[in-house]
J.: 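Mind having a look at this structure? Questions to follow.
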There are 2 protein chains.
Amino acid sequence: MVKKKELIGQTQSKIFDAATEVFEEKGYAGARMQGIADRAGINKALLHYYFRTKDQLFMAVFHVLLKKMFDKILSIFMEEATFKEKLRRFLDENIDFLIKNPKLPLFLLNEISHNPALAEGLKEKLQYGQIRDLIYDRHSKELKGYGIKKSDMPQLMITIMGMSVFPVAARDMMAIMMPQMNDTRKFNAFMQERKEFAAGFVMTALKNRKK
Amino acid sequence: MVKKKELIGQTQSKIFDAATEVFEEKGYAGARMQGIADRAGINKALLHYYFRTKDQLFMAVFHVLLKKMFDKILSIFMEEATFKEKLRRFLDENIDFLIKNPKLPLFLLNEISHNPALAEGLKEKLQYGQIRDLIYDRHSKELKGYGIKKSDMPQLMITIMGMSVFPVAARDMMAIMMPQMNDTRKFNAFMQERKEFAAGFVMTALKNRKK
DNA sequence: TCTATCTTTGACCAATTAGTTAAATTATTT
DNA sequence: AAATAATTTAACTAATTGGTCAAAGATAGA
């Protein structure tokens, strides 16, 4: 027999999944409670029964997605390995993640830019503020060998992030110049290729960097 | 004496400027006609007098901004110069442009992703579809010397674009990990630094690329 | 089975929002 | 100066949208 709590779970997670899809697709301002209810296959009143307001529902979805993205990014750099190894693992795993969640980066970028307060929670809670120092300190010898000073870390980190995230976020715009990007199969192949291209590109640039 | 056409121009361009600001800030779905009227210092009915509907006003603004962005990108690569020189000029000028128009990339990315048809006009009109071949053919000798085949061009182009555009588009998100990015003065200094960093990074990676 | 609680729904409400209209004001032409 | 045309406004309308409510249906415990 199906228990009540499982039913709650079913409905609530049906709602949550539908809300995730709709918010990712249309953004907060473009999303409609009715549209979320429709996609979840339920009544709009039931939506408000489980999540009192649009803001509450959005916040629940947003924070799960933000954490999902950052956990992926950060977990790899917290492991025990050389910087070079981490770079490869990061690009491999992050690109796989992005292929599976192609709408996520642009969604997060947009919502945060429309409402910077959204990032506040994570900022304090997980102390990501220190991440630059943490990474640098763990690999200072290796990075110094590449001519990277602590003050260069933002440049390097944003470069690495951009190598994987930018193509996914900017896909539709780049497709104006490169129509083959419109074909999802080709785009995914491009992203697979990119694992190797990006890792090679960054490591070559680092190893031959003038100090 | 102020002529009628200038007056029209004044009001129309006041509206256009206000609409540009509001759309860039809030996106199509988040923008309000009343908000645009307020920012332009006029009545809402007057908005509809000059631009019949929200869609019409948005389209006018959007296409100007899309063209602005692409002209900037493409003009440099159409000049007579070596690829290396173009790369430097592109990063210099594009980063200056982005510092002045920090909300532009995310706005365009978002609106196109919410409504891919928006890109159609430009795609056909300016034949950007061929840009990859155009650039490659002009620099095939130099690029082949770096071990770049024609099929590598998308990887290279998206890398170069991402080096300049990503930091601006992802600023607020990267600021979660690097709080100093929240300070506009520091961020702009970072972008200035990036001209040199990115140019050096890309050229080093190209020159030492294994073929 | 009876009761209390939890879940789901249809109908409704109030606020917001894009868009209209008719009249008033200002500018242009003759 | 008078007539005509363009510009601007206040007040309004219709549709959309987030949110409520009371009642019906389902579930679990006594």
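No experiment lies behind these values; they were computed from the predicted model shown. Chain identifiers are assigned alphabetically (A, B, ...) following the order of the sequence lines, protein sequences preceding nucleic acid strands; residue numbering begins at 1 within each chain.
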J.: Nearest 0.5 Å, please: how far is CG in A:D172 from NE2 in B:H114?
T.: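 Between atom NE2 of B:H114 and atom CG of A:D172 there are 11.0 Å.
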J.: From OH of B:Y28 over to C1' of C:dT17, roughly how many Å is that when rounded to an integer?
T.: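 Checked: the OH to C1' distance equals 11 Å.
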J.: Does the protein touch nucleotides 18-23 of chain D at the base, only the backbone, or not at all? Give it as B, S and - per nucleotide, heavy atoms under 4.0 Å.
T.: BBBB--
J.: Side-chain N or O of A:Y49 less than 4.0 angstrom from OP1 or OP2 on C:dT8?
T.: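 No, outside the criterion.
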J.: Which value, rounded to the nearest 0.5 Å, describes the distance between B:F58 atom CZ and B:T20 atom OG1?
T.: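 B:F58 atom CZ to B:T20 atom OG1 measures 10.5 Å (nearest 0.5 Å).
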J.: Once you round it to whole Å, what is the distance between C1' of D:dT9 and CD1 of B:I15?
T.: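 It works out to 13 Å between those atoms.
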J.: Go through the structure and list residues passing side-chain hydrogen bond (donor to acceptor under 3.5 Å, both in side chains) with B:N115, not counting sequence neighbours.
T.: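 Listed in chain order: nothing, the list is empty.
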J.: Enter the distance from B:F90:CZ to B:F77:CZ here, rounded to the nearest 0.5 Å.
T.: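 Here the rounded value is 6.0 Å.
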J.: Taking CG from A:D38 and P from C:dT9, how many angstroms apart are they, rounded to a whole number?
T.: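 So the two atoms are 12 Å apart, to the nearest Å.
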J.: With a 4.0 Å cutoff (strictly under), does any side-chain N or O of A:T11 reach OP1 or OP2 of C:dT7?
T.: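 Result: no.
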J.: Roughly how many Å is it from NZ in A:K14 to C1' in C:dT8, rounded to a whole number?
T.: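 These atoms are roughly 11 Å apart.
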J.: I need the CD1-P distance between A:I42 and C:dT7, as an integer number of Å.
T.: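 Result: 13 Å.
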J.: Should the pair A:E93-A:R88 be classified as a salt bridge under the 4.0 Å nitrogen-to-oxygen rule?
T.: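 The answer is no: the pair does not qualify as a salt bridge.
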J.: Please lay out, stage by stage, how B:K68 and B:N101 fare under the test side-chain hydrogen bond (donor to acceptor under 3.5 Å, both in side chains).
T.: CA-CA 10 Å; B:K68 196 173 165 187; B:N101 301 277; 3.2 Å; yes
J.: What is the distance from CG of B:L46 to C1' of C:dA23, rounded to the nearest Å?
T.: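 Atom CG in B:L46 sits about 15 Å away from atom C1' in C:dA23.
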